[in-house]
Novice: 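Take a look at this one; I'll ask things after.
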There are 2 protein chains.
Amino acid sequence: MEQVRRGRPRAFDANEALEQALVVFWEHGYEGASLALLTEAMGISRKSMYAAFGNKEELFLKVLQRYEAGPGAYVRQAVGAPTARAVARAYLEGAVRAGTQPGRPAGCLGVRAALSVGVTGQTVQDVMTSWRAESQAGLRDRFQRAVDEGDLPADADPDVIARYLTTVADGVSVQATGGASPAALQHVVEVALRHWPPA
Amino acid sequence: MEQVRRGRPRAFDANEALEQALVVFWEHGYEGASLALLTEAMGISRKSMYAAFGNKEELFLKVLQRYEAGPGAYVRQAVGAPTARAVARAYLEGAVRAGTQPGRPAGCLGVRAALSVGVTGQTVQDVMTSWRAESQAGLRDRFQRAVDEGDLPADADPDVIARYLTTVADGVSVQATGGASPAALQHVVEVALRHWPPA
DNA sequence: CGGATTCTGCACCGATCGGTGCGAAATCGA
DNA sequence: TCGATTTCGCACCGATCGGTGCAGAATCCG
């Protein structure tokens with residue numbers, strides 16, 4: 001796996017640079033994050049960035065992977081919860097926590113970036129769309145399993161429940177971006193989960 | 001009110017031009033809507049646009065007023081509904097309808113534009129923020145009145161209910177932008193309104 | 001000590017950004 | 001008809017966009 005290093009070694013840590021790029025994309029969206037902003041935050045020159053990550057689009061995709069494994073991990077973790085209700089709670093509370101972390105941009109990178117992509121980033125647009133679709137499908141499948149196992153009533157609609165939860169989570173992200181406090185959003189989550197199953 | 005027209009008359013209808021600008025801003029957000037896109041859609045030259053509307057920022061603010069009076073009118077109309085529950089239904093169904101109108105960009109101009117504004121449009125950012133705050137305050141006041149009138153239980157929290165509904169509406173807008181169908185979003189609304197009051 | 005290879009800094013590319021200067025065209029009151 | 005006034009089309013402004021050419025610096029293997 002580890003290649004023999006030849007030539008001049010790079011003078012920066014790729015992971016650290018990706019972390020800084022993540023913050024910039026998170027804060028400004030895909031198109032709003034200019035090369036000047038990105039390279040300044042990453043502490044490297046344009047040329048080093050292109051040599052290490054390809055181009056802006058590939059950099060964003062790598063950042064997206066990093067986000068998925070870090071702040072956005074709650075999505076995958078939620079479906080592992082033991083009951084359908086616990087899944088819903090983990091998912092929504094994860095959205096609140098990820099969207100209101102101190103020292104990090106507010107809201108969800110996925111929501112913020114997806115809504116601000118123009119014609120320039122068609123590939124990015126497609127990736128974000130399929131990513132969101134996958135998350136929702138994951139929830140749907142999990143709730144279908146809950147129906148099969150009797151954890152949810154037989155007449156419950158996994159598709160609608162999944163859609164409802166992702167909608168609330170999206171709203172939480174928008175609210176967080178607008179400056180809503182974690183406490184206020186936690187209240188929203190309590191309301192959304194007060195009655196279960198919701199459908 | 002009507003001034004005496006002197007000099008060469010303009011060769012376009014200002015309202016029609018604003019309508020086209022609305023679509024472009026709605027589709028591309030504030031910063032994503034370039035002068036080239038805007039003027040092409042409006043069918044006028046850059047110079048005519050600046051003479052008629054000032055600059056890009058003022059144009060957007062005028063477009064925002066137009067949106068508020070048109071597709072976004074459901075927000076003000078909702079609080080006029082006779083009962084708290086009818087207010088909530090009118091608000092959420094209005095968000096679905098406005099966000100999935102055929103022949104128009106998906107989602108809510110407010111949400112789409114607000115999330116994609118960068119450092120360039122600080123004024124626009126502030127306006128959008130206060131606009132969203134006003135909408136939420138309007139709902140909160142309406143629910144407070146409902147509590148006072150006995151339409152909602154005395155222990156209901158108007159602030160939380162308003163926050164919950166705006167969060168769901170924001171989520172509906174995000175989902176609509178992502179291509180969700182009106183029917184799917186209507187199901188979400190039914191789930192959100194199934195139990196009342198929610199808090 | 002070579003070359004071979006890789007990374008870095010700087011200057012630069014064409015394209016596009018929001019915004020303007022200028023002169024011609026079109027309408028007014030007189 | 002004649003200025004005064006306003007709009008219009010075109011070309012252009014400096015700034016910034018994402019991306020690159022090039023020369024030198026730093027490391028490898030031999």
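The sequence lines fix the lettering, A, B, ..., with proteins before strands; numbering per chain opens at 1. All of these numbers come straight from a predicted model, not from anything done at the bench.
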Novice: Give every donor-acceptor pair under 3.5 Å between a side-chain atom in residues 90-102 of chain B and any protein atom, sequence neighbours left out.
Specialist:
unit_1: B/E93; atom_1: OE2; unit_2: B/R89; atom_2: NH1; d: 2.8
unit_1: B/E93; atom_1: OE2; unit_2: B/Q186; atom_2: NE2; d: 3.0
unit_1: B/T100; atom_1: OG1; unit_2: B/V96; atom_2: O; d: 2.7

Novice: Which pairs count as ring-ring contact (aromatic ring centres under 6.0 Å, His included) when at least one residue sits in residues 51-72 of chain A, sequence neighbours excluded?
Specialist: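 Counting only pairs at least two positions apart or across chains, the ring-ring contact (aromatic ring centres under 6.0 Å, His included) contacts touching residues 51-72 of chain A are A/F25-A/F60, A/W26-A/Y67, A/Y30-A/F60.
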Novice: For A/E40, enumerate each residue passing the side chain to side chain contact (heavy atoms under 4.5 Å, CB included) test, keeping only those at least two apart in sequence or located in another chain.
Specialist: none
Novice: Taking salt bridge (charged side-chain N to carboxylate O under 4.0 Å, His left out) as the criterion, tell me which of B/R163, B/R112, B/R132 meets it with B/D170.
Specialist: B/R132
Novice: Taking only residues two or more places apart in sequence or in another chain, which ones pass side chain to side chain contact (heavy atoms under 4.5 Å, CB included) with B/A86?
Specialist: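 Scan of B/A86 (side chain to side chain contact (heavy atoms under 4.5 Å, CB included), adjacent residues dropped) gives B/A81, B/P82, B/T83.
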Novice: Other hydrophobic cluster members with A/V174, side-chain heavy atoms of Ile/Leu/Val/Met/Phe/Trp/Tyr under 4.5 Å, chained?
Specialist: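 Cluster partners of A/V174: A/V111, A/L115, B/V111, B/L115, B/V174.
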Novice: On DNA chain D, does the nearest nucleotide to A/G54 precede the nearest nucleotide to A/S34 from the 5' side, or the other way round? Give the residue.
Specialist: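 Going by which nucleotide is closer to the 5' end, it is A/S34.
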Novice: Mind checking what makes side chain to side chain contact (heavy atoms under 4.5 Å, CB included) contact with B/A146, not counting sequence neighbours?
Specialist: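 Checked B/A146 against side chain to side chain contact (heavy atoms under 4.5 Å, CB included); matches are B/A84, B/R142, B/D151, B/L152.
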Novice: With sequence neighbours left out, what residues match A/R6 under salt bridge (charged side-chain N to carboxylate O under 4.0 Å, His left out)?
Specialist: none
Novice: Check nucleotides 7-11 of chain D against the protein and report each pair of N or O atoms closer than 3.5 Å, with its distance, or say if there are none.
Specialist:
unit_1: D/dT7; atom_1: O4'; unit_2: B/R8; atom_2: O; d: 3.2
unit_1: D/dT7; atom_1: O2; unit_2: B/R8; atom_2: NH1; d: 3.3
unit_1: D/dC8; atom_1: OP1; unit_2: B/A11; atom_2: N; d: 2.5
unit_1: D/dC8; atom_1: OP2; unit_2: B/S48; atom_2: OG; d: 2.9
unit_1: D/dC8; atom_1: O5'; unit_2: B/S48; atom_2: OG; d: 3.4

Novice: B/R104: which residues meet the salt bridge (charged side-chain N to carboxylate O under 4.0 Å, His left out) condition with it, sequence neighbours left out?
Specialist: B/E19
Novice: Walking along DNA chain C from 5' to 3', note the first and the last nucleotide with an atom under 4.0 Å from a heavy atom of chain B, and give both.
Specialist: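 Both ends considered, the range comes out as C/dC17 to C/dC28.
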Novice: What ring-ring contact (aromatic ring centres under 6.0 Å, His included) pairs are there with at least one residue in residues 161-199 of chain A, not counting sequence neighbours?
Specialist: A/H195-B/H195
Novice: Check each residue of residues 14-33 of chain A for a non-hydrogen atom within less than 4.0 Å of any atom in DNA chain C, then write out the ones that pass by number, or none.
Specialist: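 Nucleic-acid contacts, sorted: none.
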